Amino acid sequence: MRATDLEAVAARLDEAARHARPIAGGSTGLTDTGEAYAVQEALVARMTARGDRITGFKLGFTSLAKMRQMGVSDLIHGRITDRMRIADGGRYDLGGLIHPRVEPEIAFLLGDTLRPGGDPAAAVAAVAPALEVIDSRYDGFVFSLPEVIADNTSAAGYAVGPWSAPGDLAGLGVLLELDGRLAQAGSTSAILGHPLRALAAAARLAGELPAGTVILAGAATAAVPLPPGTHVRATVATLGSVQFGTEEEPAGDPGPRRADRTPEGSS
Ligand code: 0L1
Ligand code: MG
């Protein structure tokens with residue numbers, strides 16, 4: 001595809017997100033993952049031009065549960081920004097989202113530059129339980145692999161719980177609860193066999209990630225729909241919990257959806 005066509009796909013996805021109006025999967029003409037990442041870059045550039053600050057990197061489809069749920073078999077990656085951040089214990093307004101889902105994850109905080117082929121454990125300063133909200137900009141979460149890559153891997157929101165010094169992360173139990181009821185249960189081993197492997201993959205895919213980057217390692221379970229008026233909590237054994245409550249959707253036109261998120265560090 002020509003550069004102008006890739007930019008046009010980025011513009012369509014951006015408008016879909018800002019006005020909560022999904023587009024049809026299969027309508028982008030994307031068939032190549034390299035071109036899809038070029039669209040993602042253009043999409044993220046639109047966000048940063050509006051004032052978003054990139055805070056981290058996310059991996060998707062790192063677990064069999066997620067691959068099966070979405071019918072794909074490749075690891076993908078995207079960007080998270082300060083306006084996607086949800087305060088632990090806070091409220092999260094779903095207004096302006098299309099059809100949000102939530103999934104439990106592990107977050108890493110880099111204390112040192114993470115380089116391809118480097119020792120991922122040595123670069124990690126801290127680890128935390130995390131929740132990711134995904135909100136595909138495609139109708140019904142139906143898309144091809146290049147299309148979900150172009151859509152910044154459905155990134156919409158993320159919450160990070162208390163940071164701990166990194167310990168043994170193998171085989172830790174992961175629970176996702178909605179209003180105190182178990183929605184999903186899994187293990188950190190579902191993330192590529194060990195969450196540190198996700199870090200190695202992130203370094204390979206990103207090239208180099210600087211100290212201070214937050215990395216979402218990917219979901220330990222399938223994602224579940226996130227309704228308004230819900231208390232959601234993820235618990236990872238030994239790491240603790242992260243939680244937030246969702247607000248009722250406001251009536252009427254939701255308007256631009258990224259403009260009203262809490263910037264990182266301000267809550
Ligand atoms: O696992 C992820 O965070 C990537 C999600 C992309 C696919 C989806 O929308 O489920
Ligand atoms: Mg995820």
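We count ligands from 1, going down the list as the structure has it; atoms in each ligand are counted the same way. On a predicted model such as this, the values are computed, not experimentally measured, just so you know.
At the top of the distance list for atom 7 (C) of ligand 1, counting protein heavy atoms only, stands Phe61 CZ, 3.3 Å. Closest protein heavy atom to atom 1 (O) of ligand 1: Lys66 CE, 3.2 Å. Protein heavy atom in closest approach to atom 5 (C) of ligand 1: Thr153 O, 3.5 Å.
Residues Ala122 and Asp112 share a closest heavy-atom pair of O-CB, 4.4 Å. Contact record, Ser154 with Val148: OG-CG2, 3.7 Å, taken as the closest heavy-atom pair.
Protein atoms that are N, O or S and lie under 2.8 Å from the Mg ion (ligand 2) are these: Glu103 OE2, Glu105 OE2, Glu132 OE1.
Around atom CD of Glu41, no more than 12 heavy atoms belonging to other residues, nucleotides or ligands sit under 6.0 Å away.
With 3.5 Å as the limit, one finds a donor-acceptor pair spanning the side chains of Ser27 and Arg12.
Look at Asp14 and Arg50 and you find a salt bridge, because one of the NZ, NE, NH1 or NH2 atoms lies within 4.0 Å of a carboxylate O, short of that distance. The existence of a salt bridge linking Arg137 and Glu147 is excluded, since no basic side-chain nitrogen approaches an acidic carboxylate oxygen closer than 4.0 Å.
Inclusion of Glu132 in the set of residues having an N or O under 3.5 Å from an N or O of ligand 1 is warranted. Looking at Ser154 next to ligand 1, an N or O pair under 3.5 Å apart turns up. Considering backbone and side-chain N/O of Glu103, one or more are found under 3.5 Å from N/O of ligand 1.
Using cut-offs of 30° and 60° on the angle between ring planes, the pair Tyr37 and His77 is parallel.
Contact annotation: for Phe141 versus ligand 1, heavy atoms closer than 4.0 Å belong to the side chain alone.
Hydrophobic clustering places Ile215 together with Val124 (ILVMFWY residues linked when any side-chain heavy atoms are closer than 4.5 Å, directly or through intermediates).
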